[in-house]
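Below, read A as the first sequence line, B as the second, and so on, with proteins coming before strands; counting in each chain starts at 1.
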Protein chains: 2
Amino acid sequence: MDENNLNEEIDRLSNELLEKSDLLRSMRRGEAERCDSASIASAKTEVKDLNRRLGSMLRRRDAGVKKDEGVFDRVGTESLMKRRFFVTPSFEIYGGIAGLYDYGPPGCSVKSNLVQVWKNHFVVQESMLEIEGTCLTPEPVLKASGHVDRFTDLMVKDTETQECYRADHILKAQLEKIIDDPATAEDRKEDAEGVLAVLDELDADDMDEAIASWDVKATETGNKLSAAFPFNLMFGTQIGPSGLVKGFLRPETAQGIFVNFKRLLDFNRSRLPFACAQIGLSFRNEISPRAGLLRVREFMQAEIEHFVHPQKKNHAKFDSVKDYSLALFPRRQQLTTRTTVQMTIGEAVANGIIDNETLAFYIARTSMFCEKVGLNKEHIRFREHLENEMAHYATECWDLEVNCSHGWIECAGLADRSCYDLQSHSESSKIELSAREIYSEVKSVEFLKALPQKGVMGKAFKKDAQLVMKALEAMSEDEVAGTQSQFDSGAESVSVKVADGRSFSVTKDMISYEKGIKKESGRNYYPSVIEPSFGVGRILYCIFEHSYYVREGDDEARGVLRFPPIVAPIKAAVLPLSKNEVFNPIAARVGEALGACGLIYRIDDTGASIGKRYARFDELGTPFGITVDFDSVNDSTVTLRDRDSMRQVRGDIDGIVQSIFSMVSGTASWGDVEKIFPPFSAAEE
Amino acid sequence: MDENNLNEEIDRLSNELLEKSDLLRSMRRGEAERCDSASIASAKTEVKDLNRRLGSMLRRRDAGVKKDEGVFDRVGTESLMKRRFFVTPSFEIYGGIAGLYDYGPPGCSVKSNLVQVWKNHFVVQESMLEIEGTCLTPEPVLKASGHVDRFTDLMVKDTETQECYRADHILKAQLEKIIDDPATAEDRKEDAEGVLAVLDELDADDMDEAIASWDVKATETGNKLSAAFPFNLMFGTQIGPSGLVKGFLRPETAQGIFVNFKRLLDFNRSRLPFACAQIGLSFRNEISPRAGLLRVREFMQAEIEHFVHPQKKNHAKFDSVKDYSLALFPRRQQLTTRTTVQMTIGEAVANGIIDNETLAFYIARTSMFCEKVGLNKEHIRFREHLENEMAHYATECWDLEVNCSHGWIECAGLADRSCYDLQSHSESSKIELSAREIYSEVKSVEFLKALPQKGVMGKAFKKDAQLVMKALEAMSEDEVAGTQSQFDSGAESVSVKVADGRSFSVTKDMISYEKGIKKESGRNYYPSVIEPSFGVGRILYCIFEHSYYVREGDDEARGVLRFPPIVAPIKAAVLPLSKNEVFNPIAARVGEALGACGLIYRIDDTGASIGKRYARFDELGTPFGITVDFDSVNDSTVTLRDRDSMRQVRGDIDGIVQSIFSMVSGTASWGDVEKIFPPFSAAEE
């Protein structure tokens with residue numbers, strides 16, 4: 001098959017697959033013509049088969065395309081992170097605990113800078129509210145949110161050792177092994193790809209079947225695996241001394257905002273839309289955390305809940321972002337060509353690829369944030385969730401995915417949670433978490449009531465008459481209209497269900513109908529929620545991989561972290577030329593000037609060679625170096641060195657410090673600084 | 001008894017009590033002449049009796065002194081805090097959970113400002129390291145720290161309802177009720193006071209006895225109480241899916257620093273002393289949290305661990321604080337006159353009241369921090385822990401206590417933890433957490449060794465000979481010297497204990513002694529730890545009580561929070577005179593100028609009267625108000641109003657914004673600003 005034919009075939013299969021998938025979905029919802037289980041099973045097989053064939057085509061198409069391998073240096077990055085104490089496994093002296101990491105001094109500082117930029121970019125610039133709730137959460141809250149019942153992963157155990165595995169992970173590893181094995185027959189590869197494509201869709205029974213048919217065994221021992229069962233990912237505990245109040249560590253910060261909705265709305269003087277942010281810890285008891293800093297059990301989230309009228313999801317500031325262009329990976333492209341599309345955010349909304357302006361506004365702002373903190377825009381995309389992978393609360397969801405040595409990693413999720421949460425908490429707590437819409441003018445609304453004829457009813461139902469009357473009065477307008485149309489079409493009686501579950505036959509003479517007009521000035525409604533949710537640690541890790549590079553030195557290659565100045569833990573290194581004491585007062589003066597501008601600096605007077613000391617600070621991502629030499633003693637000028645270009649300029653202390661301040665604040669670039677100060681050309685060492 | 005006699009009697013009793021307490025302590029340690037349990041019991045009774053008599057004297061002395069009541073307005077403060085959403089009980093719509101609170105938008109902001117000031121005051125200004133560890137902590141870590149075994153409170157239960165009470169709380173309440181009851185006989189009051197004075201010393205048996213003899217019943221029901229038993233205050237959970245790895249939520253952030261000691265020392269290039277800070281959540285499952293924001297189950301700590309050579313606890317910057325004067329409440333004064341003493345921190349160290357310069361330095365810096373964030377220095381004291389109330393790890397401890405409507409509240413603890421933690425973790429983890437001291441010159445050190453005579457021993461002990469030889473070789477130098485001196489003083493044999501617990505008689509001919517000189521260039525040692533530990537939420541609450549006051553208004557009294565500008569959530573309110581649109585561009589320009597300086601502001605264009613709008617912002621503690629009026633439209637001048645004096649000045653926008661920036665940064669006062677700008681005298685409304 002030549003390339004043209006291949007692409008035509010891919011298109012044909014793609015369209016067929018999309019059609020069949022839509023059909024399967026509507027069958028499952030009971031909305032298709034035939035929804036019996038046999039029809040569903042056969043549709044499922046068809047979809048699987050199409051996936052299998054399409055996968056094979058795509059593999060052929062991409063066979064010549066070279067992979068991103070080698071772009072990122074995981075070993076180099078992680079070894080630098082550990083060596084310079086950016087991070088370390090928690091409780092290392094006790095052997096560590098999988099999925100827990102501590103931030104050392106420079107890591108702590110990068111993280112705190114990152115959070116500060118986030119706060120400024122979202123909370124301050126978008127005038128959001130911010131709250132801080134507790135991690136400890138009582139069970140009813142997480143029951144209402146759906147987490148107690150549905151926040152699970154399928155797990156299997158080694159039947160001998162009881163070692164636990166995430167079912168999808170262990171199956172995926174096996175399938176990939178089979179696909180990568182050159183000895184595997186082509187049609188078996190296609191089968192494996194068909195399963196991989198629907199991995200997120202497998203329920204416990206599907207999983208058991210797949211594990212059996214693909215002969216998946218426990219990784220370390222090769223033992224047989226147990227049946228798959230759902231494992232809840234929340235950490236449980238008991239609140240209070242009685243042991244009777246069950247609680248969990250929150251799995252997301254969002255719920256803390258929802259339960260405070262009434263107070264927030266009140267604080268915002270009942271106006272909508274508004275957004276509330278929360279930055280804080282969340283906890284997930286991952287089954288087998290392996291991907292280092294990317295899958296941890298305790299992590300910082302930065303979440304925003306934007307409350308908006310369900311029919312008015314436009315955004316006042318949408319114009320300011322509409323020409324911003326980014327890489328989108330919509331559902332259609334994932335299911336078919338598996339390539340992203342580049343477009344402006346305005347086009348994405350106009351073409352219905354992103355549902356509404358508010359969600360789109362946050363996608364654009366999220367991308368801008370990524371650029372600000374040092375992620376490479378070429379390695380960022382926004383991927384739409386497939387219907388089957390969406391969380392139980394979401395109606396639309398886009399993930400910020402960042403490419404790194406682990407592949408494309410979800411670093412933020414932007415979901416339309418609809419009114420799911422506010423409605424659930426209203427029902428569970430019996431406190432209505434709604435907003436009120438005031439109509440621009442009072443509306444006249446028709447109403448229809450069923451009035452029970454007490455005398456007739458009393459005679460017919462005796463002591464049950466009260467119950468039947470109450471049931472009639474509690475009927476919705478639609479139900480009342482239903483009874484009326486039944487009588488109109490000749491029915492003798494209608495069946496009315498009462499509170500205790502019994503049904504009674506109510507005849508026409510027992511009801512009279514009242515129809516009229518009432519005035520309404522507004523209505524209560526549950527706002528929709530658009531939620532941008534960020535995983536701080538994952539973004540941080542990707543910044544490290546995107547920032548790390550190796551510079552060949554005179555004696556050895558040295559690692560550099562090209563952090564943007566705003567993210568760097570130390571903004572400037574002050575380096576006296578040697579240990580000669582004559583430099584100390586000048587170095588101290590430079591330090592004071594930096595400190596007065598709020599710039600974090602370190603003086604390194606260890607007397608190592610300037611080159612070695614630059615290298616130390618390059619490893620910490622320090623963007624600027626100031627050298628104090630013998631000329632400094634005479635004329636108070638110093639040398640300023642730019643980390644990445646390694647170019648240098650010379651200027652007076654105050655001017656140099658001021659220029660560092662401008663570059664850290666983002667109001668000037670190195671290029672601007674080079675226009676002000678003369679270059680300095682002494683060899684670096 | 002006249003006043004002089006009373007004071008003499010108090011002095012006499014005080015001295016006697018101190019003497020007897022010292023004796024009791026040394027009996028308990030087994031260091032007194034007679035340490036049998038009968039003697040201890042009788043000494044205990046004597047101390048209790050002296051406490052009882054002294055308490056009665058002090059009560060007579062203080063009878064005429066008026067209490068601080070009315071200085072703080074708890075109801076007013078808390079109602080404002082809730083109304084303006086500074087705080088709210090967590091999960092309020094679900095009925096709330098005792099001991100859990102959420103911070104609403106302005107509370108979140110005050111807290112974040114407070115933490116920022118703390119970080120700047122301690123971490124930045126004292127060049128500390130900072131780390132961020134996890135809340136989830138595996139059991140072995142907290143076993144080593146002593147928390148698994150000893151982090152308990154005594155608890156009693158209502159025998160019918162199973163309701164739980166903290167034993168000391170419920171006993172204290174009963175004793176205070178008895179003392180306050182005018183019908184109680186004087187000697188019974190004295191008895192009750194005797195028990196109150198030793199409340200912290202009661203073990204479970206003492207507690208049961210006291211509960212029985214003072215007839216303490218369950219508060220709500222009057223039911224009988226169970227025996228007292230220790231309840232561990234840590235929240236337990238399971239880490240990982242197997243259910244086999246027991247973990248806790250950390251009860252303090254400190255341990256996260258200790259377990260990272262080696263990496264920190266390395267990061268600091270092996271130099272001591274150094275300090276490492278951590279700001280983060282800690283969790284304590286309080287038995288019955290009642291005092292609102294003061295006793296909560298999840299709270300933010302800001303802790304510093306200062307590592308120092310045990311024999312060199314001087315502090316390089318001590319001179320900078322030595323003349324700072326504060327109120328100390330040393331052990332002696334607590335046990336006797338119950339009054340604080342005012343002195344400089346230099347005097348306190350010179351007189352041995354505070355053990356060392358490092359601890360004293362932090363006490364002074366802590367007090368300065370309190371002043372900076374708006375605590376009233378008159379309501380601050382540092383109270384030394386009594387021996388019996390010190391945590392299991394501490395050798396000396398001073399609490400920062402802040403006076404508020406709840407009485408004197410512990411808001412920070414400054415403890416000398418000695419080398420307890422590093423040593424415990426070294427023993428448990430088998431990783432030595434020590435520092436190395438390099439002697440200024442190589443030392444010649446005498447050594448003494450016991451060399452077993454293998455032949456003689458083999459004959460005497462046969463197959464056990466190896467065991468005995470090993471025991472001899474493992475002896476410390478002191479032990480070796482001990483055997484030598486026993487033989488020298490004529491002993492035939494000495495008893496040597498071997499690894500399995502048996503003892504053997506070793507005769508003189510089985511050992512030869514080797515004495516010599518060895519060279520040592522340094523030694524390993526466990527550093528001591530000085531720990532200042534702050535409860536952020538408690539300090540925050542006290543700031544609210546110290547800041548709140550009521551200003552009589554034209555129509556009603558209005559609450560004001562006199563936050564220092566640096567702590568205030570909003571630095572300036574921008575108030576257009578009316579809803580007239582002509583003011584909008586000027587208000588926006590003022591806002592932009594404030595924003596450019598990083599000053600958080602709000603524009604209130606609701607059109608309420610200026611007075612009403614000022615009052616709204618006074619409640620939020622906003623220090624400055626800028627009014628835009630018709631003159632502003634013509635000449636770009638605005639009015640600046642100071643919250644507390646309610647005085648006003650008039651100036652151009654940039655000048656006014658700059659002056660606000662100076663006052664927020666702490667480089668200028670309102671007085672300074674009044675010298676620059678002319679006063680503005682229009683009535684406030």
Check [X] against [Y] and note the closest heavy-atom contact, atom names and distance.
X	Y	answer
V156(B)	A167(B)	CG1-CB, 4.1 Å
P251(A)	F299(A)	O-CZ, 4.4 Å
L293(A)	Y101(A)	CD2-CG, 3.6 Å
R616(A)	A608(A)	NH2-CB, 3.7 Å
F258(B)	E305(B)	CZ-OE1, 3.2 Å

Do [X] and [Y] come within less than 4.5 Å of each other through their side chains, counting heavy atoms only?
X	Y	answer
R166(B)	R295(B)	yes
F91(A)	V141(B)	yes
Y103(B)	L540(B)	yes
V115(A)	M300(A)	yes
D604(B)	V574(B)	no

Top contributor to chain A contacts, counting heavy-atom pairs under 4.5 Å, from [options]:
options	result
G133(B), S112(B), A277(B), G95(B)	G133(B)
I600(B), V296(B), L264(B)	L264(B)
L129(B), I431(B), V259(B), L136(B)	L136(B)
S109(B), G104(B), C135(B), S426(B)	C135(B)
R269(B), K262(B), Q255(B)	R269(B)

Need one label for [X]: side chain, backbone, both or neither, based on atoms under 4.5 Å from any heavy atom in chain B.
X	answer
K111(A)	side chain
T137(A)	both
F261(A)	neither
F267(A)	side chain
I287(A)	both
I131(A)	both
K119(A)	side chain
L281(A)	side chain

Using a strict 4.0 Å threshold on nitrogen-to-oxygen distance, state whether [X] and [Y] make a salt bridge.
X	Y	result
E92(B)	R263(A)	yes
R284(A)	E298(A)	no
R297(A)	E286(A)	no

TODO: For F85(A), look at atom CZ and say whether over 12 heavy atoms of other residues, nucleotides or ligands are found less than 6.0 Å away.
DONE: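 Count over threshold, so yes.
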
Open item on the list: Using a 4.5 angstrom heavy-atom cutoff, name the option from M128(A), K157(A), R84(A), E130(A) with the most pairs to chain B.
Closed with: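 The answer is E130(A).
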
- [ ] Among I93(A), L433(A), V87(A), single out the residue with the greatest number of heavy-atom pairs under 4.5 Å to chain B.
- [x]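 The answer is I93(A).
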
- [ ] Under 4.5 Å heavy-atom distance to chain A, tell me which part of F235(B) shows up: side chain, backbone, both or neither.
- [x] both

Open item on the list: Given heavy-atom pairs under 4.5 angstrom as the criterion, report whether the side chain, backbone, both or neither of S428(B) touches chain A.
Closed with: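 For S428(B), heavy atoms of backbone and side chain both lie under 4.5 Å from chain A.
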
Open item on the list: Quick check: under 4.5 Å, non-hydrogen atoms only, which of residues 237-250 of chain A neighbour chain B?
Closed with: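 Expected list: T237(A), Q238(A), I239(A), G240(A), P241(A), S242(A), V245(A), L249(A).
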
